[in-house]
Protein chains: 2
Amino acid sequence: MAQHSYPPDPDVMPLGPRQRALLAVLQEANAELSGQELHERLRQGSQRHGLATVYRNLRLLQRSGLVRCRKLPNGESVYAPLERDDHHLTCVSCGHSEPLPICPVATGGLGLSKVLLQGFKPLFHTFEIHGLCLSCQQSEPLSHG
Amino acid sequence: MAQHSYPPDPDVMPLGPRQRALLAVLQEANAELSGQELHERLRQGSQRHGLATVYRNLRLLQRSGLVRCRKLPNGESVYAPLERDDHHLTCVSCGHSEPLPICPVATGGLGLSKVLLQGFKPLFHTFEIHGLCLSCQQSEPLSHG
DNA sequence: GCTAAAACGAGAACCATTCTCAGCATATGG
DNA sequence: CCATATGCTGAGAATGGTTCTCGTTTTAGC
């Protein structure tokens, strides 16, 4: 057991030093970060950090309900603290994704009955509108070839 | 120009035979299909079909607003006809994703002002609840290591 | 200190997707 | 009817983010 004491939530095991560093970087950032970006930023600190461990811990933090994740059209995953409730407009043509400054879903208050959830324990939700951004509408003749 | 005549929608260029085949398979399927699954099913028909073309046409159909796409946690993309308005419960631990039989968002009627959209032309939206499925809650001791 | 168990890092492996490029189909103009 | 330009197609190679492997390092408990 390489765990450090520090029990912020009885529901969750204590976090290791690298996991705390990772969370801290995510919280300081004002945007979602990819695994690679996170790795780069962590390297600049004093601790050693391997890419594999960054991904390992991202998975663990996500399972613990501390980190949320979203996939961009290019396949990258981007991460943010769970409590951040941002949603996005994403272009199906160029892949550009930008924050949508409203949450159209009554978070938490979702009228989701327990019956519908069937034992599923919700942690966060993602809402995304996909379409064509202005510049793609203008540049593309929209031909199927 | 290898396009075949057949103008179903003045807003959109006519579709080629492979694009129509692709759409047909998606419409017959009662679930989202991945690019690879789509490719397999198309191979079974009479026309020849290459994987590259399947992906090429999926991209084009998506841009034309005929097909929607969603990324699974394992990195695969799954496709469906645009008009299908399904949403999902997805487990952050095992990656299992199942349909959620309600749409908590007032589709179309989203109170999204044009100001917020800033020229963005919406085609479809995705809504997904991420959390822990029952079996993952039971099996995992939730340790950070 | 010493040992067993857990976490770690570097690099290889993975795999869905995209790219490359030579060949072929379509449409048109001569 | 044939020549030619255009651009779609498929096989296979390349790409790139993420995961796996495995030998090493760190931690916890004694």
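Every chain is numbered from 1 and lettered A, B, ... according to where its sequence line falls, protein lines coming before strand lines. The structure displayed is predicted, hence computed values, not measured ones. Any value given below was found using the heavy atoms of this structure, including those in side chains, with hydrogens, waters and symmetry copies removed.
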Just how far, in rounded Å, is [atom2] of [N] from [atom1] of [X]?
| X | N | atom1 | atom2 | value |
| --- | --- | --- | --- | --- |
| B:Leu51 | D:dC8 | CG | P | 18 Å |
| B:Leu72 | D:dT19 | CG | P | 14 Å |
| B:Leu15 | C:dT26 | CG | C1' | 17 Å |
| B:Gln19 | D:dC8 | CD | P | 9 Å |
| A:Glu40 | D:dG16 | CD | P | 15 Å |
| B:Glu76 | C:dC15 | CD | P | 11 Å |
| B:Tyr55 | D:dA14 | OH | P | 19 Å |
| A:His39 | C:dC8 | NE2 | C1' | 12 Å |

Using only side-chain N and O atoms of [X], determine if any of them is under 4.0 Å from OP1 or OP2 of [N].
| X | N | result |
| --- | --- | --- |
| A:Arg56 | D:dT21 | no |
| B:Ser77 | C:dA16 | no |
| B:Thr53 | D:dG10 | yes |
| B:Arg43 | D:dA11 | yes |

**Item:** Whichever of A:Arg48 and A:Gly35 has its nearest DNA chain D nucleotide further upstream toward 5'
**Value:**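 So the residue in question is A:Gly35.
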
**Item:** Residue closer to the 5' end of DNA chain D, B:Pro73 versus B:Val54 (nearest nucleotide)
**Value:**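 Looking at DNA chain D, the more 5' nearest nucleotide goes with B:Val54.
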
**Request:** Please work out which of the three classes, parallel, tilted or perpendicular, describes the rings of A:His125 and B:Phe127, given edges at 30° and 60°.
**Result:**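 Aromatic pair B:Phe127/A:His125 classed tilted.
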
**Prompt:** B:Leu38 and B:Leu26: which non-hydrogen atoms are nearest, and at how many Å?
**Reply:**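 In terms of heavy atoms, the two residues are closest at CD2-CD2, 3.9 Å.
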
**Minimum-distance nucleotide to A:Arg59 side chain [options: D:dC20, C:dA10, C:dC19]** =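 Taking heavy atoms from C-beta onward, the closest nucleotide is D:dC20.
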
**Prompt:** Which nucleotide, D:dT18, C:dT17, C:dC19, lies nearest any side-chain atom of A:Gln36?
**Reply:**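 Selected nucleotide: D:dT18.
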
**Request:** Using a 4.0 Å heavy-atom cut-off across all strands, classify A:Ser34 as base, sugar-phosphate, or nothing.
**Result:**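 Counting heavy atoms under 4.0 Å across all strands, no contact is made by A:Ser34.
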
**Minimum side-chain heavy-atom gap A:Leu100-A:His88 below 4.5 Å** =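 No, side chains not in contact.
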
**Item:** B:Glu32/B:Arg70 salt bridge by N-O under 4.0 Å criterion
**Value:**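 Answer for the salt bridge query: yes.
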
**Prompt:** How long is the gap from CG on A:Leu72 to OG on A:Ser97, to the nearest 0.5 Å?
**Reply:**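 Taking CG in A:Leu72 and OG in A:Ser97, the distance rounds to 6.0 Å.
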
